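The structure appears right after this line, and notes come after that.
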Amino acid sequence: MNTHKIIIAIDGYSSSGKSTLAKDIAAKLGYKYIDTGAMYRAVTLFAKQTGIINEKGEIDEEKLKAILPQIDLNFKNINGKNHIFLNGKDVENEIRSLEISELTSHVSKLPFVREFLVAKQREIGKEKGIVMDGRDIGSVVFPDAEVKFFVTASPEVRAKRRYEELKSKGIEVDYNSVLKSLVERDKQDTTRETSPLIKTEDAIVIDNSNLSREQQLELALKYINERIKNIDNAKN
Ligand code: DC
């Protein structure tokens with residue numbers, strides 16, 4: 001039996017399937033799942049609602065900095081699904097629009113926003129027994145995480161997933177704009193100055209272009225169980 005509670009950090013590109021993997025692992029181990037992308041998206045939604053960011057992505061940084069302490073973020077389980085609440089309101093669906101996806105890459109570049117959210121993420125992970133997904137979890141938030149995965153898949157496979165996801169929610173999009181937006185976001189995620197998406201040396205790469213959901217979970221669990229066994233053995 002697994003006795004030692006650990007931190008599992010999952011980083012990767014947009015729509016790489018990292019959230020699905022993170023949720024599946026959390027469900028299997030009885031761990032808490034935290035989607036840090038949802039936190040950056042919720043801050044962006046707040047900035048949009050308050051007029052601090054315009055549709056071109058231009059941000060009044062001073063105003064945003066001043067207003068950050070007014071942002072309260074919480075995760076709640078609604079019918080078995082993790083929803084993010086912004087100042088008491090469920091914004092899980094609202095934060096997934098293409099517009100918020102695009103604006104979020106401007107907000108997530110700002111060092112003071114990252115500092116604010118990283119502090120919250122570390123607080124949430126304090127007690128371990130957590131699976132956290134994002135871009136900088138293994139590199140910045142929890143550099144000492146016991147298990148780190150770097151999840152990837154080809155841009156075309158990822159764009160198709162995002163397209164299907166948006167379509168299933170009744171959001172009108174065409175595949176080519178989804179692909180274009182995704183490639184643009186990859187570029188911003190990997191080249192931004194603050195906490196760019198990188199694969200740390202100790203991260204295990206999972207390329208799921210040709211893996212089913214079950215196969216990727218099985219692969220990840222093999223690594224996790226091995227790691228927990230080693231930690232338990234070292235303790236005894
Ligand atoms: O994983 P996602 O697509 O929901 O992330 C939304 C945006 O937030 C994306 O532009 C990357 C950014 N992000 C980040 O900079 N750091 C994180 N830990 C998580 C997400």
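Atoms within a ligand are numbered from 1 in the order they appear, just like the ligands themselves. The structure presented is a predicted model; accordingly, all values stated were derived computationally and were not measured.
Ligand-side atoms of ligand 1 in range of K18: 1 (O), range being under 4.0 angstrom from any heavy atom. Close contacts of ligand 1 with R162, meaning ligand atoms under 4.0 Å from a residue heavy atom, involve 3 (O). Close approach to S108 involves these atoms of ligand 1, each under 4.0 Å from a residue heavy atom: 12 (C), 15 (O).
D90 contributes no side-chain N or O that, together with a main-chain N or O of H83, makes up a donor-acceptor pair within less than 3.5 Å. Judged by distance alone, with hydrogens and angles left aside, the side-chain atoms of D11 form a donor-acceptor pair with the main-chain N or O of G138 at under 3.5 Å. S15 contributes no side-chain N or O that, together with a main-chain N or O of R161, makes up a donor-acceptor pair within less than 3.5 Å. K18 places no side-chain N or O within 3.5 Å of a backbone atom of D133 that could act as its donor or acceptor partner.
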Using residues 61-80 as the side-chain source, report each donor-acceptor pair under 3.5 Å to any protein atom, sequence neighbours left out, with the distance given to one decimal.
| residue | atom | partner | partner atom | Å |
| --- | --- | --- | --- | --- |
| D72 | OD2 | N74 | ND2 | 3.4 |
| N77 | OD1 | G80 | N | 2.8 |

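For M39, the closest heavy-atom approach to ligand 1 does not fall below 4.0 Å.
Looking only at heavy atoms of the protein, atom 4 (O) of ligand 1 is closest to R41 NE, 2.8 Å. Counting only heavy atoms of the protein, atom 10 (O) of ligand 1 lies nearest to D189 OD1, 3.6 Å. Summary of contacts: the protein heavy atom closest to atom 19 (C) of ligand 1 is T36 OG1, 3.4 Å. Looking from atom 9 (C) of ligand 1 to the surrounding protein, the closest heavy atom is R135 NH2, 3.6 Å.
Here's the thing with R114: one of its N/O atoms is less than 3.5 angstrom from an N/O atom of ligand 1. In terms of N/O distances under 3.5 Å, ligand 1 is not approached by D133. At least one N/O-N/O distance between R192 and ligand 1 falls below 3.5 Å.
Distance CD/E226 to CD1/I228: 10.5 Å, rounded to 0.5 Å.
Around atom 8 (O) of ligand 1, the closest heavy atom drawn from L182, D35, T44, T104 belongs to T104.
Screening residues 26-49 for salt bridge (charged side-chain N to carboxylate O under 4.0 Å, His left out) gives D35-R96, K48-E99 as the qualifying pairs, with residues at least two apart or on separate chains.
Residues H4 and R227 have side chains not in contact (no heavy-atom distance under 4.5 Å, counting atoms from C-beta outward).
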